[in-house]
Amino acid sequence: MIQEKAAIMGRRQLSPGVYKYLLSSPGIARTAAAGQFVQVTAPGFFLRRPISICRIDPQAGTLVLVMEVRGQGTAAIAGLGSEDSLDLIGPLGHGFALKDAASHALCVGGGIGLPPLCQAAAHHGANAAVVAGFRSASAVILADEVENLGASFAVATDDGTAGHHGLVTDLVKKHLEENKTDVIYACGPMPMLKAVAALAKEKGVECQVSLEERMACGMGACLGCACALYDEKGEQHYGHVCKDGPVFPAERVVW
Amino acid sequence: MANLAVNIAGVELKNPVITASGCCGFGREFLDFYPLSALGGISLKGTTLNPREGNPPHRIAEAPAGMLNSVGLQNPGVQVLLEKDLPWLKEQNTVLIANLAGSSPEEYRAVTEAVEGSDIDMIELNISCPNVKAGGIGFGTDCDLAGGVIREVRAATTKPLIVKLTPNVTDITAIAKVAEAEGADAVSLINTITAMRIDINTRRPILHNNTGGLSGPAVFPVAVRMVWQAANAVKIPVIGLGGISTWQDGIEMMMAGARAIQVGAALFTNPMAPVEIVEGMNAWLDKQGIKDINDIVGTVKPW
């Protein structure tokens with residue numbers, strides 16, 4: 001874990017309020033893994049913003065972050081231009097426990113939950129299927145990125161303006177019925193994750209979910225980002241998204 | 001280089017910067033940034049006799065120039081601190097301050113007795129946590145209750161005893177005087193200021209506990225005022241904290257009367273803050289030609 005000023009090498013709007021950054025961050029890129037995150041300084045705000053890592057290139061020393069403007073802090077980050085840098089702390093947390101690249105992975109993203117799945121999808125390449133849910137066609141992001149990985153990509157939209165008209169979990173159900181699946185990696189809103197975890201359990205497929213929670217330190221010091229978990233004995237306790245996660249085995253999460 | 005060492009209740013700290021309880025766990029989280037030996041001391045996460053799960057999420061909300069928390073003293077209990085963390089901590093060459101909390105005078109006494117024979121250097125008595133239902137701040141806002149708890153703990157320990165005070169009182173000097181009268185060796189202040197944020201879309205408080213404690217630069221001027229008042233009211237050392245995030249803040253707090261300072265929420269923005277504060281204060285002292293940091297304590301010249 002280090003602090004690094006990451007020069008913005010590229011910045012592009014992917015959809016209304018969603019921005020993709022290519023950052024020079026050699027120190028973090030060197031050790032980062034799929035599903036980990038960074039804490040980003042929001043100019044003028046006290047707390048850093050936890051942003052998941054979309055792509056990691058240790059050779060080039062670059063990271064890709066995709067960030068959605070959720071409030072004033074993320075809006076301040078989005079206001080930074082290509083001459084600026086992002087103040088990062090990372091890599092943070094435990095990412096996806098990636099299965100062998102030859103195993104068949106299903107990546108399930110809900111909206112801005114899709115970016116952290118990209119590095120996992122890249123690991124599995126053509127053995128990865130990515131399904132993602134969005135509000136509408138205008139909100140669909142990263143289609144090119146995912147397809148360039150060799151992974152299949154299917155979307156569901158709430159209003160039917162792109163792909164399947166309905167929930168992404170419909171696509172998950174269909175995929176699990178029609179395809180061999182060894183592992184599911186999922187990130188998105190809690191109701192989606194809960195439904196995906198239930199489908200995975202029903203089919204006996206391993207499922208890893210990436211959670212989010214309001215954070216302060218991002219490194220396990222403040223104990224702010226509590227999430228209810230089951231321990232090995234099945235007893236409930238509060239773990240912490242930043243340090244114990246953000247990725248958890250679905251069966252550990254108290255839904 | 002000026003002398004940076006300070007002495008609090010007979011314990012020498014190599015510099016006056018202590019990381020504040022609740023902001024640095026049991027010391028391992030910031031090791032990627034600096035060794036604990038860079039710090040004058042570390043005030044460990046608030047510890048109770050038995051494990052505590054803490055409050056349901058959300059526990060964190062942002063504020064202008066600060067944050068609210070309602071962690072609720074989540075901790076693994078004193079035995080875990082003693083058995084799992086202390087053997088490592090005592091090798092780290094820094095002053096170890098156990099921050100102890102409870103929900104009754106008996107529990108405060110019991111947790112104090114548990115650390116009495118250990119390698120803990122000092123005890124910081126937390127009678128000021130705003131985020132627990134029983135005890136905590138309830139003891140810290142009432143002179144009689146505070147006096148009772150401090151008496152129990154004082155009787156149970158020969159270790160230097162710091163009493164951590166809450167700012168959520170009408171008169172900080174009254175409670176500081178009680179601490180002194182009951183045998184505290186030092187007071188530390190301020191804990192967080194009780195606060196609240198509401199999500200205007202859901203009309204729900206952001207914190208599940210409804211209220212939480214405000215910390216960060218937003219509270220710094222309040223902390224300076226209260227440290228100044230307390231330092232003028234008692235003879236025992238005052239440790240100043242509350243929103244310190246720069247070396248200038250550290251100097252200011254010591255001029256207000258603090259003999260040592262604690263750095264808390266600033267760690268979340270800038271993990272290097274404690275080390276930068278030590279370096280910055282040292283450079284300033286050299287520039288000013290001041291040979292000993294103790295010479296600036298309480299040197300504010302009030303109008």
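The sequence lines fix the lettering, A, B, ..., with proteins before strands; numbering per chain opens at 1. Model, not experiment: these values are computed from the prediction.
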TODO: Decide if atom NE2 of A/His94 counts as having more than 12 heavy atoms of other residues, nucleotides or ligands within a radius under 6.0 Å.
DONE: no
Task: Which of A/Gly73, A/Gly224, A/Gly71 touches chain B most, by non-hydrogen pairs under 4.5 Å - done: A/Gly224
Task: Nearest heavy-atom neighbours spanning A/Ser25 and A/Leu88 - done: OG-CD1, 3.8 Å
TODO: Examine whether an atom of A/Glu213 lies under 4.5 Å from a heavy atom of chain B, and if so say whether it belongs to the side chain, the backbone or both; otherwise answer neither.
DONE: side chain
Task: CZ on A/Arg11 to CG on A/Asp84, rounded to 0.5 Å - done: 9.5 Å
Task: Under 4.5 Å from any heavy atom of chain A - which part of B/Ile206 - done: side chain
- [ ] Please indicate whether A/Gln72 has more than 12 foreign heavy atoms, meaning atoms of other residues, nucleotides or ligands, lying under 6.0 Å from its CD.
- [x] no
- [ ] Kindly give the heavy-atom pair with the smallest separation between B/Asn55 and B/Ser70, and that separation in Å.
- [x] ND2-O, 3.0 Å
Task: Sorted by number, residues from residues 21-29 of chain B in contact with chain A (heavy atoms, under 4.5 Å) - done: B/Gly22, B/Cys23, B/Cys24, B/Gly25, B/Glu29
TODO: Take A/His237 and B/Glu53 through the test side-chain hydrogen bond (donor to acceptor under 3.5 Å, both in side chains) and record every step on the way to the result.
DONE: CA-CA 7 Å; A/His237 69 286; B/Glu53 273 298 303; 5.9 Å; no
- [ ] Output the option from B/Gly264, B/Ala265, B/Pro64, B/Ala266 having the highest count of non-hydrogen pairs under 4.5 Å with chain A.
- [x] B/Ala265
Open item on the list: Working to the nearest 0.5 angstrom, can you tell me the gap between B/Arg204 CZ and B/Asp199 CG?
Closed with: 10.5 Å
Open item on the list: Using a 4.5 angstrom heavy-atom cutoff, name the option from B/Ala65, B/Ala218, B/Pro56 with the most pairs to chain A.
Closed with: B/Pro56
- [ ] Select one option (side chain, backbone, both, neither) describing which atoms of A/Ile2 are under 4.5 Å from chain B's heavy atoms.
- [x] backbone
Task: A/Glu212 atom CD, neighbour heavy-atom count above 12 within 6.0 Å - done: no
Open item on the list: Within the 3.5 Å criterion, strictly below it, is a donor on B/Gln74 or B/Arg52 matched to an acceptor on the partner's side chain?
Closed with: no
